[in-house]
**Q** 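Starting off with a structure, shown below.
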Amino acid sequence: MATLTALGYFLLFLLLSAFAPGLMTSELTGGVSTGLLLGLLQVPVMCLAIVLYEYTASRSVDPMADRIRIQTELNARREAAR
């Protein structure tokens with residue numbers, strides 16, 4: 001979900017850059033444009049996506065991979081014992 005959110009944000013940024021240049025070049029305060037602000041906001045959005053991905057992977061994917069690895073090792077030992 002976090003990956004889709006980050007990709008969605010990036011896609012929104014690209015679409016706004018392509019189809020709403022007036023909005024992206026409008027100045028907010030102190031010479032900072034909307035496009036620059038949205039571009040800089042991509043960094044924390046991506047960091048959040050990475051943290052959420054790692055959290056999800058460690059809770060659901062890693063235990064599943066460990067079970068598969070253990071089962072594969074057991075099957076290999078059984079085959080070697082034959």
**Q** Measure the spacing between CG of Leu38 and CG of Leu12 and express it to the nearest 0.5 Å.
**A**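 Answer rounded to 0.5 Å: 7.5 Å.
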**Q** So for atom CZ, which belongs to Arg59, do other residues, nucleotides or ligands contribute more than 12 heavy atoms lying within a distance under 6.0 Å?
**A**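 Incorrect, the count does not exceed 12.
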**Q** Applying side chain to side chain donor-acceptor pair (under 3.5 Å) as the test, list every pair that has at least one member in residues 1-10; sequence neighbours left out.
**A**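 Checked against side chain to side chain donor-acceptor pair (under 3.5 Å) - neighbours excluded - no pair reaches residues 1-10.
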**Q** Which heavy atom of Ala49 sits nearest to which heavy atom of Ala6, and what is that distance?
**A** CB-CB, 3.8 Å
**Q** Tell me which pairs pass side chain to side chain donor-acceptor pair (under 3.5 Å) where either residue lies in residues 26-35, with sequence neighbours left out.
**A**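 Applying side chain to side chain donor-acceptor pair (under 3.5 Å) to every pair that reaches into residues 26-35, excluding sequence neighbours, yields Ser26-Thr34.
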**Q** Pairs of donor and acceptor atoms involving the side chains of residues 13-22, under 3.5 Å and at least two apart or interchain, shall be tabulated with distances.
**A**
residue, atom, partner, partner atom, Å
Ser17, OG, Phe13, O, 2.9

**Q** Nearest 0.5 angstrom please: Leu41 CG to Met46 CE, how far?
**A**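 One gets 13.0 Å once the value is rounded to the nearest 0.5 Å.
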**Q** How many angstroms lie between CZ in Arg77 and CG in Leu74, if you round to the nearest 0.5 Å?
**A** 6.0 Å
**Q** Using the rule that Ile, Leu, Val, Met, Phe, Trp and Tyr join whenever any side-chain heavy atoms are under 4.5 Å apart, tell me whether Leu11 and Met24 fall into a single cluster.
**A** no
**Q** Quick check: is Val45 connected to Val43 through a chain of hydrophobic side chains (ILVMFWY, heavy atoms under 4.5 Å apart)?
**A**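 In one cluster with Val43: Val45, no.
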**Q** Is there a donor-acceptor pair closer than 3.5 Å between any side-chain N or O of Ser58 and the backbone N or O of Tyr55?
**A**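 Yes, Ser58 side chain to Tyr55 backbone: donor-acceptor pair under 3.5 Å.
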**Q** For side-chain hydrogen bond (donor to acceptor under 3.5 Å, both in side chains), just list the numbers for Asn75 and Glu79, CA-CA rounded to whole Å, side-chain angles, deciding distance to a tenth of an Å, and then say yes or no.
**A** CA-CA 6 Å; Asn75 290 340; Glu79 289 295 321; over 6 Å; no
**Q** To the nearest 0.5 Å, tell me how far Arg67 CZ sits from Thr72 OG1.
**A**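 Rounded to the nearest 0.5 Å, the CZ-OG1 separation comes to 12.5 Å.
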